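This report concerns only the one structure given below.
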Amino acid sequence: MTRCKAWLRNVVSSVLVALLPAMTAQAYTSEQDTVVACTQEICAEESIESGDTLCVDTLSETAHSSLPWPQSLRADIDSIVAKSTFLNTSQLGLMVYDLTDDTVLYTLGEKQTLRPASTMKLLTAVTALDKLGSAYLYKTRLCHTGTVVDSVKTLEGDIYIIGGMDPRLGRDDLRSFAMAVKELGVDTIRGNVYADRTMKDSDLLGEGWCWDDDNPVLSPLVYGRKDKMLERFGSVLADAGIYLDGELLEKACPSGAKELCVQTHTIEQILHRMMKDSDNLYAESMFYQIGLTKGRPSTARKAKAVMEALLRKMGLNKQPHRFADGSGLSLYNYVSAEMEVAFLRYAYNNTDIYSNLRPALPVAAVDGTLEKRMARTAAAGNVHAKTGTLTGISSLAGYCTAANGHDLCFAIINQGVMKSAVAKAFQDKVCAAMCR
């Protein structure tokens, strides 16, 4: 049987060789296209398993390179969508926008309200930079009441640490506070050390957060990602040789207290980790800085009101949506790909926002949460975008530059996906197509 099959293959090959010169150019082209299409299909199936987008990247370019841009881009994305069978059982919101020409390049389900996951951080960041400015400082203040009795080196009064919800507050900052107390000329505090947490409300978790997630603690005085700053400061005081003849308690600082020291971190420092590492604590901290602009205490409601105001400015406030938190952890967040693109466009058209936002975004195949994605494709080193991942959700939104030099922005939200790797592979293919 094996010999018969081999003989039959040889006969068919001989017939095809004999007939090849007689093929018309049109017939040959048609057959070539069929071969390319079949090869694409095989590569697409393999790429879902391996996560390698290079094969699809090269073949799409071959198939549509004869078309003028942006028709070639649209054809590429259409092909990627058509071959992504997981989209039959999941939802997709996709929009690509040409920032240089100020025009829409591609849309599919762009108005669907979907859960953004961590791409929600883009909306928080743009709102914060717009409302607070790039020079904004996170501040944690140290104050005291009472008087210093020089003869016995004693402060007859209390110490207050006034929280500003700075996620970068660390041991060096607490040491600086201890040194500020020591510079008063005291080695004894005859009073209490108070934590002033009045910067925000008492909610320690966000709306719609799952109880079994690794959620950040929403305290104005977080230390080491936990609500234990006061205890740590007590230890730092002791290490500095300062005796506390009192307790560690919580209380609002009185208006007449004297300021001893202020520790600060820039919004740029917060933004970098928030975006590159997708740090939820840093994002929530920024969210509550936004709310603080409407008065103390800051609340999620106030922060959302500021975001809604920016949405009205963009003319999108009447579109269905819901903001619940600043990080995207909440399952109550609902936005559309079109809305995310609107925020990206707004940032692009505001130099102060864009010059801070774009460098903070992960870069494909380079760093952050995109470090291991899109390697060996046209998107590597080109795509600057925020990732998002929750159970059943994978998203990606940001900027890239097309081969013709046009700046693009895009948003891709996949919802209802059983395997995030499949959605990420799809997103990577779209990004590679945009960068060619």
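Quick caveat: nothing in here was measured; it's all calculated off a predicted structure. Along the sequence shown, residues carry numbers from 1.
For the residue pair D101 / T103, no side-chain donor-acceptor distance below 3.5 Å is found, with atom types taken as modelled. A side-chain N or O of D227 and one of S219 form a donor-acceptor pair less than 3.5 Å apart. A side-chain donor from one of Y334 and R115 sits under 3.5 Å from a side-chain acceptor of the other. One side chain, Q289 or Y136, offers a donor N or O that lies under 3.5 Å from an acceptor on the other. Side-chain contact annotation: S90 with Q415, donor-acceptor N/O pair under 3.5 Å absent. Side-chain polar atoms of Y346 and D130 form a donor-acceptor pair below 3.5 angstrom. Residues T124 and K121 bring no donor and acceptor atom of their side chains to less than 3.5 Å of each other. Inspection of the T389 and S420 side chains reveals no N or O donor paired with an N or O acceptor under 3.5 Å. Side-chain contact of D201 with T299: a donor-acceptor pair under 3.5 Å is absent, judged by distance alone.
Less than 6.0 angstrom separates the ring centroid of Y399 from the ring centroid of Y354.
Counting non-hydrogen atoms of neighbouring residues, nucleotides and ligands closer than 6.0 angstrom, the CG atom of D214 reaches no more than 12 such neighbours. K294 NZ: 12 or fewer foreign heavy atoms inside a 6.0 Å radius. Atom CD of E268 is surrounded by 12 or fewer heavy atoms from other residues, nucleotides or ligands within 6.0 Å. Atom CE of M179 is surrounded by more than 12 heavy atoms from other residues, nucleotides or ligands within 6.0 Å.
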* For R74 and L105, what are the C-alpha separation, side-chain angles and deciding distance, and is it a side-chain contact (heavy atoms from CB on, under 4.5 Å)? -> CA-CA 7 Å; R74 294 179 184 128; L105 292 180; 4.3 Å; yes
* S394 and Q427: side-chain contact (heavy atoms from CB on, under 4.5 Å), yes or no, with the steps? -> CA-CA 9 Å; S394 180; Q427 295 158 12; 3.1 Å; yes
* Asked: Does the salt bridge (Lys or Arg N to Asp or Glu O under 4.0 Å) test come out yes or no for K83 and D78, once each step is laid out?
  -> CA-CA 9 Å; K83 289 176 171 57; D78 279 340; over 6 Å; no
* Passes side-chain contact (heavy atoms from CB on, under 4.5 Å), L237 versus I189? Steps please. -> CA-CA 10 Å; L237 284 174; I189 301 172; 4.2 Å; yes
* **Trace of the side-chain contact (heavy atoms from CB on, under 4.5 Å) decision for K200 with L218** => CA-CA 9 Å; K200 69 173 290 293; L218 303 181; 4.1 Å; yes
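A donor-acceptor pair under 3.5 Å links the side-chain atoms of T100 to the main chain of D407, judged by distance alone. Using a distance-only test at 3.5 Å, with no hydrogens or angles considered, a donor-acceptor pair links the side chain of T145 to the main chain of D158. Between the D325 side chain and the G206 main chain, no donor and acceptor come within less than 3.5 Å of each other. The main-chain N or O of E110 is never found under 3.5 Å from a side-chain atom of T107 such that the two would form a donor-acceptor pair. Distance alone, capped at 3.5 Å, is enough to place a donor-acceptor pair between the D196 side chain and the C253 backbone. Judged by distance alone, with hydrogens and angles left aside, the side-chain atoms of T377 form a donor-acceptor pair with the main-chain N or O of A379 at under 3.5 Å. With hydrogens and angles ignored, the 3.5 Å screen pairs no side-chain donor or acceptor of H144 with any backbone N or O of L142.
The side-chain tip of K251 points at the ring of Y194 from less than 6.0 angstrom away and within 45° of straight on. For the pair R345 and Y97, the cation-pi test (distance below 6.0 Å, angle within 45°) is passed. With Y223 as the aromatic partner, K228 does not meet the cation-pi criteria of under 6.0 angstrom to the ring centre and within 45 degrees of the ring axis.
With respect to the salt-bridge test (charged N to carboxylate O, under 4.0 angstrom), the residues K304 and E207 qualify. Between D203 and R301 there is no salt bridge, since no side-chain N of the basic residue sits under 4.0 Å from a carboxylate O of the acidic one. Using a 4.0 Å cut-off between a side-chain N of Lys or Arg and a carboxylate O of Asp or Glu, D187 and K153 do not qualify as a salt bridge.
A tilted orientation is assigned to the rings of F323 and H321, their planes being inclined by 30° to 60°.
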